[in-house]
Amino acid sequence: MAVRSNIVGIDSPEALERALRAAYYLADEGLATAAYLGLALGKPLLLEGAPGVGKTEAAKAIAAVLGRRLIRLQCYEGIDASAALYEWNYPRQMLAIRQAGDESIDIYGETFLIERPMLATLRAPDSTVLLIDEIDRADQEFEAFLLEFLSDFQISIPERGTVRAAERPVVVLTSNRTRDLHEALRRRCVYHWIDYPTEEREARIIMLRASSVAEATARAVVAAVGRLRREPLSKAPGIAEAVDWAEAATLLHKGGARWPDAFKRSIGVALKDEEDLHFISPRLDAMLAEATA
């Protein structure tokens, strides 16, 4: 295994943590170490955690630090190889055949090939980061297909031959753990579980991502979302919702709304489910009063 101890000037987890912070992503020691090892060892990085803890944002930040284009493959139930690898442009092939008449034509040339995320990554491994987002939403058949790709970083196009990556590409996979992933997939990756940040770290994230928010507002939001996450909600607010809530409440406060009424009126950017809003409504005033005390 070829170890890349220095990646674009990043020679340690601490250096990567500082670079991610410059890209407006606050990574803890565990995530910075896992990401650095994935880059240095040329292994995919598998990030698991609840929705909204910053898994996708971590991939975006890694791409920004490396100065590479992020290619996102959003998984869903029923996704197949053609959506991930490549497709042939059949209408264009048929049109070319009709226009060629009796002349011979190669309908499997580059002109007719539609690149999908995995093929695009194999062709430009030194300038891209592949994000395979929410792999747990895909079927187990797709997960099994993915194993070969993550082992050899090559694909076979019957009409054109095998496409191999010139170097091991940077790949980040995310999972909300709605189902267990196959052990073989985990073995191919550097693994890290992302949990909700501590209150101190989340307040720092809010102030970093929303520069107009005061520290007191950020801490009040962190206290409130912490209480909301302990409730049996169908969709607990993630970090992005906490940032949006702080910005929205600040905007209303600047327009004349008092605290904590500004938080209550902007609750729709934190909770986005009618049943959740109905469930929390009787206790919301007390919860916000306590958070802003």
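Side-chain contact between Ile10 and Leu39 is absent, with no heavy atoms from C-beta onward closer than 4.5 Å. Within the 4.5 Å cutoff, the side chain of Thr128 has no heavy atoms near those of the Leu70 side chain. Within the 4.5 Å cutoff, the side chain of Leu173 has heavy atoms near those of the Leu150 side chain. Pro237 places none of its side-chain heavy atoms less than 4.5 Å from the side chain of Tyr196. Side chains of Leu271 and Leu233 form a contact here, defined as non-hydrogen atoms less than 4.5 Å apart. Side chains of Phe153 and Glu167 form no contact here, defined as non-hydrogen atoms less than 4.5 Å apart. Side-chain contact between Leu228 and Ile280: present, with at least one pair of heavy atoms (C-beta onward) separated by less than 4.5 Å. At least one side-chain heavy atom of Val163 sits under 4.5 Å from a side-chain heavy atom of Ile157.
For the 3.5 Å distance criterion, the side chains of Asn176 and Thr178 fail to qualify, holding no donor opposite an acceptor. When only modelled atom types and interatomic distance are considered, Glu48 and Ser175 share a side-chain donor-acceptor pair under 3.5 Å.
The two residues Leu73 and Ala83 have their closest heavy-atom pair at CD1-O, 4.0 Å. Taking all atoms of both residues into account, the shortest heavy-atom contact from Ala50 to Lys55 is O-NZ, 3.0 Å. The minimum heavy-atom distance between Ala218 and Val213, with the atom names listed, is N-CG1, 3.8 Å. Among all heavy-atom pairs drawn from Ser12 and Tyr36, the shortest one is N-CE1, 3.5 Å. When all heavy atoms of Thr217 and Ala246 are compared, the closest pair comes out as CG2-O, 4.2 Å. Across all non-hydrogen atoms, the minimal contact from Val190 to Leu37 is CG2-C, 4.3 Å.
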### Message
Assess the residue pair Leu45 and Cys189 against the criterion (side-chain contact (heavy atoms from CB on, under 4.5 Å)); give the C-alpha distance rounded to whole Å, side-chain angles, the decisive distance to 0.1 Å, and a yes or no.
### Response
CA-CA 5 Å; Leu45 174 64; Cys189 303; over 6 Å; no
### Message
What verdict does the side-chain contact (heavy atoms from CB on, under 4.5 Å) test give for Arg137 and Glu77, after you've listed the backbone C-alpha separation in whole Å, the side-chain angles of each residue and the deciding distance to 0.1 Å?
### Response
CA-CA 6 Å; Arg137 287 193 175 191; Glu77 186 178 353; over 6 Å; no
### Query
Given Ile71 and Leu131, is the side-chain contact (heavy atoms from CB on, under 4.5 Å) satisfied, shown in steps?
CA-CA 6 Å; Ile71 300 178; Leu131 168 60; over 6 Å; no
### Task
Kindly determine whether Val225 and Glu241 satisfy side-chain contact (heavy atoms from CB on, under 4.5 Å), including the steps that lead there.
CA-CA 9 Å; Val225 296; Glu241 284 77 22; over 6 Å; no
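Side chain of Ser266 to backbone of Ala262: a donor-acceptor contact under 3.5 angstrom is found. Formation of a donor-acceptor pair under 3.5 Å by the Ser156 side chain with backbone atoms of Thr162 is not found in this model. Using a distance-only test at 3.5 Å, with no hydrogens or angles considered, a donor-acceptor pair links the side chain of Arg188 to the main chain of Leu147. Asp139 places a side-chain N or O within 3.5 Å of a backbone atom of Gly78 that can act as its donor or acceptor partner.
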Under 3.5 Å, sequence neighbours excluded: what are the donor-acceptor pairs made by side chains of residues 19-32?
{"unit_1": "Tyr25", "atom_1": "OH", "unit_2": "Gly54", "atom_2": "O", "d": "2.9"}
{"unit_1": "Asp28", "atom_1": "OD1", "unit_2": "Gly30", "atom_2": "N", "d": "3.3"}
{"unit_1": "Asp28", "atom_1": "OD1", "unit_2": "Leu31", "atom_2": "N", "d": "2.9"}

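One distance of note links CG of Leu46 with CG of Leu185; it measures 6.5 Å at 0.5 Å rounding. Within the model, atoms CH2 of Trp88 and CZ of Arg160 stand 5.5 Å from one another, a figure rounded to the nearest 0.5 Å. To the nearest 0.5 Å, the span separating CG on Leu85 from CG on Leu122 amounts to 8.0 Å. Atoms CD and OG1, on Glu247 and Thr250 in that order, are 8.0 Å from each other to the nearest 0.5 Å. Taking CD1 of Ile114 as the start and OG of Ser82 as the end, the distance is 10.0 Å to the nearest 0.5 Å. Between atom CZ of residue Phe112 and atom CG of residue Asn89 there is a gap of 8.0 Å, rounded to the nearest 0.5 Å.
Screening residues 141-152 for salt bridge (charged side-chain N to carboxylate O under 4.0 Å, His left out), with sequence neighbours left out, gives Glu143-Arg179. Pairs of residues two or more places apart, or lying in two chains, that qualify as salt bridge (charged side-chain N to carboxylate O under 4.0 Å, His left out) and include a residue from residues 201-215 are Glu57-Arg209, Glu202-Arg229, Glu215-Arg219. Screening residues 120-131 for salt bridge (charged side-chain N to carboxylate O under 4.0 Å, His left out) gives Glu110-Arg123, Glu115-Arg123 as the qualifying pairs, with residues at least two apart or on separate chains. Contacts classified as salt bridge (charged side-chain N to carboxylate O under 4.0 Å, His left out) and involving residues 87-99 (residues at least two apart or in different chains) are given here: Glu87-Arg116. Legend: side-chain hydrogen bond (donor to acceptor under 3.5 Å, both in side chains) pairs involving residues 276-293, not counting sequence neighbours, sorted by first then second residue: Arg227-Glu290, Glu231-Arg283, Ser234-Asp276, Lys264-Asp285.
Under the 4.5 Å side-chain heavy-atom criterion for Ile, Leu, Val, Met, Phe, Trp and Tyr, Leu47 and Ile205 are members of distinct hydrophobic clusters. Both Trp245 and Phe279 belong to a single network of hydrophobic side chains, linked directly or stepwise wherever heavy atoms of I, L, V, M, F, W or Y lie under 4.5 Å apart. Hydrophobic clustering, with ILVMFWY side chains joined whenever heavy atoms are under 4.5 angstrom apart, groups Ile79 together with Ile155. Residues Leu119 and Tyr90 are members of one and the same hydrophobic cluster, defined by side-chain heavy-atom contacts under 4.5 angstrom among Ile, Leu, Val, Met, Phe, Trp and Tyr. A chain of hydrophobic side-chain contacts below 4.5 Å, direct or via other Ile, Leu, Val, Met, Phe, Trp or Tyr residues, connects Ile135 to Tyr76.
Using a 30° and 60° split on the angle between ring planes, Phe145 and Phe142 fall in the tilted class, from 30° to 60°.
The residues Arg72 and Asp133 are annotated as salt-bridged, a charged nitrogen and a carboxylate oxygen being separated by less than 4.0 angstrom.
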